[in-house]
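FYI, the numbering just counts along the sequence from 1.
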Amino acid sequence: MLGAVSESTSAAQTDPLARIAALPGVAEAVQETRTLVDRLLGHRILRRRSSDVSMESSLRGACASAALEGAEVAMDEIREGHVYDTRIKGALRVSGELGSLVETWPKAPRQVLARLHTLAAADAVGEDALGRPRREGERVEDPLGLGPAPAPQVAHARLEGLYALLAARTSVPALVTSALVHGELMAVRPFGWGDGLVARAAERLTLIERGLDPKSLVPSELGHRTLEDGYASALRGYMSGTPEGVAEWVVHCCEAVRAGAQDSLATCEALKRG
């Protein structure tokens, strides 16, 4: 997808993601999502309990991300500290360290992705594979049934394109950039295990760093879990590289962020009621 984006007109050459932002339905989805997130950010309870909402969002997002990897998630048990599944452990570690990676993400995305994978896969793969891109012949887990991943050299080339776009500081909305980050990481599955945990964390990291959700209140991972029936099909649309498929994916990601924001609004209302 990134290769196709870079082969655009002169306007898109200065901002390659502008083509994606201009696809049918994207601007409307972005605006609708932005409106709801702004409503969340303006909630009165955040004046006193912003950290509580952020912590709850972090926990719920992590558990949702692990569930999308196939983990059996029981929130009550997790709140009590009974965590045994490697996918849940990894998701919780990733979520807990996300805030410390915000400043580094735009400067050194390669290092941040390696760190995210190290956190996600610490209990699941050998030490030599932590944070290291997969090699030829290594197995690629596919819990969503997306189909074969590209060869390691192809994945590497696409990641380099992603890093270049992140470094260019595109002017398109954060929701478009974060959807591209998520979609591209899921398309190439750079590590082979835990790629979903990494991709969804990178999406959320982008939303935080690019200013849509500066206090990390929106569990976008939970939104994808809520919309799970359409998650894999939307990803396949992105992977097809067609304008319609890419637009469908960005709109899906906007809907997921809206669902996450709605969940945090419910948390705010619950705290308000005491």
- prompt: Below 4.0 angstrom, N of the basic side chain to O of the carboxylate: do Arg60 and Glu221 qualify?
  reply: no

statement: Taking every heavy atom of Leu197 against every heavy atom of Arg87, the minimum-distance pair comes out as CD1-O, 3.9 Å

- prompt: Given the rule that I, L, V, M, F, W and Y join up when any side-chain heavy atoms are under 4.5 Å apart, are Val198 and Leu98 in one cluster?
  reply: yes

- request: Indicate yes or no: at least one non-hydrogen side-chain atom of Lys107 is less than 4.5 angstrom from one of Val112.
  value: no

query: What closest approach, in Å, do Val140 and Ala149 show between heavy atoms, and which atom pair accounts for it?
result: CG1-CB, 4.0 Å

- prompt: Do Ser57 and Arg204 have side-chain N/O donor and acceptor atoms under 3.5 Å apart?
  reply: yes

- prompt: Are Leu227 and Leu40 joined in one hydrophobic group, where the rule is that I, L, V, M, F, W and Y side chains link up if heavy atoms are under 4.5 Å apart?
  reply: no

field: Matching residue for Arg132 among Glu138, His117, Glu127 - test: side chain to side chain donor-acceptor pair (under 3.5 Å)
entry: Glu138

message: I need the minimum non-hydrogen distance between Gly260 and Pro219, along with the two atoms involved.
response: O-CD, 3.2 Å

From OG (Ser178) to CG (Leu212), nearest 0.5 Å: 7.5 Å

message: Starting from Leu180, can I reach Val154 by hopping between I/L/V/M/F/W/Y residues whose side chains sit under 4.5 Å apart?
response: no

- line: When rounded to the nearest 0.5 Å, the distance separating CG of Leu130 from CZ of Arg115 is 10.0 Å

Expected output: side-chain Asp142 to main-chain Gly147 donor-acceptor under 3.5 Å: yes

Option passing side chain to side chain donor-acceptor pair (under 3.5 Å) with His43 (candidates Glu269, Lys272, Arg49): Glu269

- request: Could you tell me whether the side chain of Trp105 and the main chain of Glu209 form a donor-acceptor pair under 3.5 Å?
  value: no

statement: Rounded to the nearest 0.5 angstrom, the CZ-OG1 distance for Arg39 and Thr35 is 10.5 Å

- prompt: Does one side chain, of Ser65 or Glu69, offer a donor that lies under 3.5 Å from an acceptor on the other?
  reply: no

- request: Kindly say whether Gly192 contributes a backbone atom to a donor-acceptor pair with the side chain of Asp195 at under 3.5 angstrom?
  value: yes

Minimum heavy-atom distance Gly223-Ala259, with the two atoms named: CA-CB, 3.8 Å

field: Intermediate values then yes/no, side-chain contact (heavy atoms from CB on, under 4.5 Å), Phe191 and Arg134
entry: CA-CA 5 Å; Phe191 300 107; Arg134 59 184 167 86; 5.8 Å; no

- prompt: Taking side chain as C-beta onward, heavy atoms only, is Leu23 less than 4.5 Å from Trp249?
  reply: no

message: If you apply the rule side-chain contact (heavy atoms from CB on, under 4.5 Å), what do you find for Leu175 with Val250, and how did you get there?
response: CA-CA 8 Å; Leu175 285 157; Val250 177; 6.0 Å; no

query: Would you call Leu101 and Leu116 a side-chain contact if the rule is heavy atoms closer than 4.5 Å?
result: yes

message: Keeping Arg93 on the side-chain end and Leu119 on the backbone end, is there a donor-acceptor pair under 3.5 Å?
response: yes

Same cluster (ILVMFWY, side-chain, under 4.5 Å), Val102 and Leu113: yes

query: With a 3.5 Å cut-off and no angle check, do the side chains of Tyr238 and Glu184 form a donor-acceptor pair?
result: yes

field: Short side-chain to backbone donor-acceptor contact, Arg258 and Arg34, under 3.5 Å
entry: no

message: I need the Cys63 SG to Met75 CE distance, nearest 0.5 Å.
response: 4.5 Å

message: Between Ser95 and Ser58, do the side chains contain a donor N or O and an acceptor N or O under 3.5 Å apart?
response: yes

- request: Return yes if some donor-acceptor pair links the side-chain N/O of Ser264 with the main-chain N/O of Thr267 below 3.5 Å, else return no.
  value: no

- request: With side-chain contact (heavy atoms from CB on, under 4.5 Å) as the test, would you mind laying out the steps for Val172 and Ile20 before giving the verdict?
  value: CA-CA 9 Å; Val172 304; Ile20 296 176; over 6 Å; no

message: Distance alone, cut at 3.5 Å: any donor-acceptor contact between the side chains of His182 and Glu203?
response: yes

query: Are any side-chain N or O atoms of Ser54 and backbone N or O atoms of Lys215, one a donor and one an acceptor, separated by less than 3.5 Å?
result: yes

CD on Glu77 to CD on Glu72, rounded to 0.5 Å: 11.0 Å

Main-chain N/O of Arg47 paired to Ser50 side chain as donor or acceptor, under 3.5 Å: no

task: Check whether any side-chain heavy atom of Leu185 lies under 4.5 Å from a side-chain heavy atom of Leu162, and answer yes or no.
output: yes

- prompt: Side chain of Asp85, backbone of Ala71: donor and acceptor closer than 3.5 Å?
  reply: no

task: Take atom CD of Glu160 as the centre, draw a 6.0 Å sphere, and report whether it contains more than 12 heavy atoms from other residues, nucleotides or ligands.
output: yes

task: Measure the shortest side-chain to side-chain distance between Arg200 and Ser220 over non-hydrogen atoms and say whether it is less than 4.5 angstrom.
output: no

message: I need the Leu92 CG to Lys89 NZ distance, nearest 0.5 Å.
response: 10.5 Å

task: May I ask whether Leu68 and Leu146 are part of the same hydrophobic cluster, defined by side-chain heavy atoms of I, L, V, M, F, W, Y residues being less than 4.5 angstrom apart, directly or through others?
output: yes

task: Evaluate the criterion side-chain contact (heavy atoms from CB on, under 4.5 Å) for residue pair Thr33 and Glu255; output intermediate values, then yes/no.
output: CA-CA 7 Å; Thr33 304; Glu255 291 172 350; over 6 Å; no

- request: Look at atom CZ of Arg79 and say whether more than 12 heavy atoms of other residues, nucleotides or ligands are closer to it than 6.0 Å.
  value: yes

task: For Leu17 and Thr177, work out which heavy atoms get closest and say how close.
output: CD1-OG1, 3.9 Å

- prompt: Which pair of heavy atoms, one from Pro190 and one from Leu159, lies closest together, and at what distance?
  reply: CB-CD1, 3.6 Å

